[in-house]
Amino acid sequence: MSQHADVLVWGHGPEIFEVFLEPTCPFSVRAFNKFDALLAHAGEENITLKIRLQSQPWHLYSGLIVRYILAAACESKEAAKKVMQAVADHREEFEFTDHCTGPNRDATPNQILARLKEVSGVDASAAFDQPDLQNAIKWHCKYARQNGIHVSPTFMVNGLVQPEISSGDDIAHWASFLIR
């Protein structure tokens with residue numbers, strides 16, 4: 001079975017807003033939680049929002065969670081969004097305290113996968129188990145590296161990194177880069 005993960009794109013406007021996220025990063029979560037409001041504010045006919053997943057090794061289950069999100073994307077981008085929202089809403093259930101300690105040190109990868117399925121309501125286990133899913137994961141990694149992205153969240157507008165944008169900004173500030 002060949003895996004094809006939906007691209008994580010919403011809106012269809014000419015201005016491209018790409019955001020590189022690590023799903024358990026608190027700053028990425030803050031940005032992710034603003035995307036629906038941004039699309040409503042700016043208008044889906046004006047902007048295209050693209051989520052790029054940026055696995056980071058200091059978030060110790062990052063690779064596992066990114067793979068599960070992309071496995072969910074094999075069902076649909078909406079399924080992937082449900083998983084991302086579940087991780088955002090239950091972030092501490094998937095993260096280590098201070099990136100190194102806490103109860104998740106005793107959790108196995110299978111327990112984390114079961115937790116993802118439970119909190120999101122998305123069973124992506126069949127796609128997760130397919131070796132060729134790694135192609136989607138590698139694409140996200142390569143794309144980030146080609147654009148000089150090393151941390152999350154990082155924001156790009158029309159192919160250019162925008163260091164003036166942060167997760168703490170309100171959506172009007174983000175929109176000012178997109179609607180001129």
Under 3.5 Å, which donor-acceptor pairs link side chains of residues 59-71 to any protein atom two or more places apart or in another chain?
| unit_1 | atom_1 | unit_2 | atom_2 | d |
| --- | --- | --- | --- | --- |
| His59 | ND1 | Thr24 | OG1 | 3.3 |
| His59 | ND1 | Glu95 | OE2 | 2.3 |
| Tyr61 | OH | Asn104 | O | 3.4 |
| Tyr61 | OH | Ala107 | O | 2.4 |
| Ser62 | OG | Glu22 | OE2 | 2.8 |
| Ser62 | OG | Ser55 | OG | 2.9 |
| Ser62 | OG | Gln56 | N | 3.0 |
| Arg67 | NE | Phe128 | O | 3.0 |
| Arg67 | NH2 | Phe128 | O | 3.0 |
| Arg67 | NH2 | Gln130 | O | 2.8 |
| Tyr68 | OH | Val122 | O | 2.5 |
| Tyr68 | OH | Ala124 | N | 3.1 |

Compile the donor-acceptor pairs under 3.5 Å between side chains in residues 43-51 and protein atoms, sequence neighbours left out, one pair per line.
| unit_1 | atom_1 | unit_2 | atom_2 | d |
| --- | --- | --- | --- | --- |
| Asn46 | ND2 | Ala42 | O | 2.7 |
| Thr48 | OG1 | Gly13 | N | 3.0 |
| Thr48 | OG1 | Gly13 | O | 2.6 |

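For Arg30, the side chain to side chain donor-acceptor pair (under 3.5 Å) criterion is met by Ser167, not counting sequence neighbours. A search for side chain to side chain donor-acceptor pair (under 3.5 Å) contacts involving Asn135 returns nothing, not counting sequence neighbours. For Ala144, the side-chain contact (heavy atoms from CB on, under 4.5 Å) partners two or more places apart in sequence, or in a different chain, are Phe20, Gln54, Ile149. With sequence neighbours left out, the side chain to side chain donor-acceptor pair (under 3.5 Å) criterion links Thr97 to no other residue. For the salt bridge (Lys or Arg N to Asp or Glu O under 4.0 Å) test, residues two or more places apart in sequence or in another chain that qualify with Asp123 are Lys117. In terms of the side-chain contact (heavy atoms from CB on, under 4.5 Å) criterion, Asp106 has no residue partners (sequence neighbours excluded). Residues satisfying the side chain to side chain donor-acceptor pair (under 3.5 Å) test with Glu18, not counting sequence neighbours, are Arg52, Tyr143.
Interatomic distance, OG of Ser120 versus CZ of Arg115, reported as 13.0 Å (0.5 Å rounding). The line from NE2 of His140 to CZ of Arg145 is 13.5 Å long, rounded to the nearest 0.5 Å. How far CG of Asp132 is from NE2 of His4: 12.0 Å, rounded to the nearest 0.5 Å.
For residues 69-91, there are no ring-ring contact (aromatic ring centres under 6.0 Å, His included) pairs, not counting sequence neighbours. Applying the salt bridge (Lys or Arg N to Asp or Glu O under 4.0 Å) test to residues at least two apart or on different chains, the pairs with a partner in residues 71-83 are Asp36-Lys81.
Less than 6.0 angstrom separates the ring centroid of Trp174 from the ring centroid of Phe17.
Side-chain contacts under 4.5 Å among hydrophobic residues (ILVMFWY), followed directly or transitively, place Val151 together with Trp58.
Heavy-atom neighbours of Glu92 CD from other residues, nucleotides or ligands within 6.0 Å: at or below the threshold of 12.
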